[in-house]
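Have a look at the structure below before the remarks.
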There are 2 protein chains.
Amino acid sequence: MNEKTIPDIVIGRLPRYLQALEHMLQQGCTVTSSKELGEKIGISAAQIRKDLSQYGEFGKQGKGYSVPFLVHKLQQILKVDRIWDMALIGAGNLGKAIAYYQGFIDHGFRVALIFDSDPQKVGQVINEIPVLHTSMMIETIQTHQIKIAMLTVPAQVAQSVTNQLIQAGVKAILNYAPITLTVPDDVHVQYIDPIIHLQRMTYYLD
Amino acid sequence: MNEKTIPDIVIGRLPRYLQALEHMLQQGCTVTSSKELGEKIGISAAQIRKDLSQYGEFGKQGKGYSVPFLVHKLQQILKVDRIWDMALIGAGNLGKAIAYYQGFIDHGFRVALIFDSDPQKVGQVINEIPVLHTSMMIETIQTHQIKIAMLTVPAQVAQSVTNQLIQAGVKAILNYAPITLTVPDDVHVQYIDPIIHLQRMTYYLD
DNA sequence: CAAAGGTTGTGTAAATTATCACATCCTGAA
DNA sequence: TTCAGGATGTGATAATTTACACAACCTTTG
Ligand SMILES: NC(=O)c1ccc[n+]([C@@H]2O[C@H](COP(=O)([O-])OP(=O)(O)OC[C@H]3O[C@@H](n4cnc5c(N)ncnc54)[C@H](O)[C@@H]3O)[C@@H](O)[C@H]2O)c1
Ligand SMILES: NC(=O)c1ccc[n+]([C@@H]2O[C@H](COP(=O)([O-])OP(=O)(O)OC[C@H]3O[C@@H](n4cnc5c(N)ncnc54)[C@H](O)[C@@H]3O)[C@@H](O)[C@H]2O)c1
């Protein structure tokens, strides 16, 4: 079934399906259809069916999909049927807000380590996690075998911090700094930048 | 030149070009090529040239592009050659971090109003902006003629707050709540959700 | 001036992505 | 049991998006 690689654009939609399905589950909805799901998230029913069919046959003709079952399958596919420990680099305004965010743990992610280079930040405890100095970063991340990092440091230092993270074995980086990172092929980067999103909308305003 | 509509996928790349070009400008670089820019942000040179050619001929053969000129043009195209006032709804952990973020003002955006429904939050001053009660939201946004809102409220109330924003005349919403919003065709929505991005990466991890 | 080197802008071909349409199957009611 | 209604999974088709290739042009150097 998994003969040829599934395009990244499909992978990008799976988390959105999962988000909507988990939301349905919370509201007690146990069965849904590609039509209903599609209307909720603004994607065509055919698209959803085709995407899911890449991984197997999860639905029942005439009936639709079992929500708990599909949630379970998507969690397996996306590998969030486990807990991923993450490192957070940069305990500033944004870093703190992220460290306190409960949404992560509800979806298979845990902020396990926090690092900062500012001696005044080091030693602070954020959401029960002590802030460590960046001088300990590489070694500590290696010891904990952490593969995911969130980067909330100033743009000027983002690349150099990234280089250290890679040295420490990190394979996935969620970067909040407004700069494109250079990484090896086996390291994945995703970007979160509100300015980019805002500019994408002002284009369409008068 | 602007005969047929330019696809949204092209619009989505323009802010990334602008980000990289502004970065170059800061570093004193005055001329660049599609090749150099492409290598910086991981997009092919041909792609960049084609995208830009949709809006005119900004480069010089044999030489490349004037960075300040291209920055100026992109700012015009994206309509960030002005200041956009924004409303921020939800003065919690994330909302506060956003209110303090200096990046907005550097790129043509200003947090002008902050709203919250919690009486304890109302009256607080965040980065010189007083938090107002949501009961005043529709009227105040209308008076200020604000067209852009950032949503940092719990998911449960995001749709109802959105309905109010639309009533107030808001045409662009940057939504941080993990839920798909239903809006009329003339209202634009962009989503920021770290979970979505993380799940997109865990797919590729072992 | 002439020639070399380099880059743009763009028509065209290729690749990717989305949509359509329908055979197939399941459910429930008569 | 049989039939109507409804939803899936998927091959075929259409649309969109990207890559290629090169003429045209600018700059610099000798
Ligand atoms: N605040 C926001 O809402 C927001 C939004 C979008 C993007 N960002 C981006 O996120 C990043 C952080 O923003 P912020 O508002 O939290 O800034 P901030 O200044 O409050 O925090 C940055 C933190 O990084 C630490 N730091 C600096 N150099 C470091 C290094 N080499 N190693 C480890 N830590 C280091 C600083 O000590 C500080 O604690 C910036 O790149 C910013 O552009 C912020
Ligand atoms: N903190 C993060 O890093 C983070 C990251 C991603 C997404 N989010 C999302 O952003 C939203 C806010 O997260 P947070 O951590 O700041 O939560 P929070 O609880 O700290 O803040 C939410 C704020 O919204 C206010 N609020 C509640 N109902 C309201 C209403 N009807 N009108 C106006 N204000 C209202 C609350 O009083 C509170 O101040 C949530 O949807 C969360 O899922 C947060």
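The structure presented is a predicted model; accordingly, all values stated were derived computationally and were not measured. A note on names: the letters A, B, ... follow the listed sequences, proteins ahead of strands, and every chain is numbered from 1.
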Round to a whole Å and report the spacing from [atom1] of [X] to [atom2] of [N].
X      : N       : atom1 : atom2 : result
F58(A) : dA7(D)  : CZ    : C1'   : 17 Å
I9(A)  : dA15(C) : CD1   : P     : 18 Å
Q54(B) : dG11(C) : CD    : P     : 11 Å
I6(A)  : dT17(C) : CD1   : C1'   : 15 Å
L52(B) : dT10(C) : CG    : P     : 11 Å

Side-chain H-bond candidate by donor/acceptor type, [X] with [Y], under 3.5 Å:
X       : Y       : result
Q159(B) : N163(B) : yes
Q75(A)  : E22(A)  : yes
D193(A) : Q19(B)  : yes
D106(B) : Q102(B) : no

Q: Considering just the side-chain nitrogens and oxygens of S34(B), establish if one lies under 4.0 Å of OP1 or OP2 belonging to dT8(C).
A: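 Yes, because at least one side-chain N or O of S34(B) sits under 4.0 Å from OP1 or OP2 of dT8(C).
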
**Q.** Phosphate-side-chain proximity, S33(A) and dA7(D), N/O vs OP1/OP2 below 4.0 Å
**A.**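 No, because none of the side-chain N or O atoms of S33(A) sits under 4.0 Å from OP1 or OP2 of dA7(D).
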
Q) More than 12 heavy atoms of other residues, nucleotides or ligands under 6.0 Å from NZ of K79(B): is that the case? A)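 Counting other residues, nucleotides and ligands, NZ of K79(B) exceeds 12 neighbours.
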
Q: For the residue pair Y101(A) and L94(B), establish whether any side-chain heavy-atom pair is separated by less than 4.5 Å.
A: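 The answer is no, as the side chains (C-beta and beyond) never meet within the 4.5 Å cut-off.
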
Q) Of Y65(A) and G62(A), whose closest DNA chain D nucleotide lies nearer the 5' terminus? A)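 Going by which nucleotide is closer to the 5' end, it is G62(A).
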
Between [options], which nucleotide gets closest to the side-chain atoms of [X]?
X      : options                  : result
E57(A) : dG9(D), dC25(D), dA18(C) : dG9(D)
Q61(A) : dT17(C), dG6(C), dA7(D)  : dA7(D)
S53(B) : dT8(C), dG9(C), dT17(D)  : dG9(C)
K63(B) : dA7(D), dT27(C), dT27(D) : dT27(D)
K60(A) : dT8(D), dA24(D), dT27(C) : dT27(C)

Q. What do the steps show when you test Y204(A) against D8(B) for side chain to side chain donor-acceptor pair (under 3.5 Å), and what is the final call?
A. CA-CA 10 Å; Y204(A) 295 104; D8(B) 186 63; 2.6 Å; yes

Q) Near DNA chain C, under 4.0 Å by heavy atom, which residues of residues 35-51 of chain B? A)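 The stretch gives R49(B), K50(B) as the residues lying under 4.0 Å from the strand, ordered by number.
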
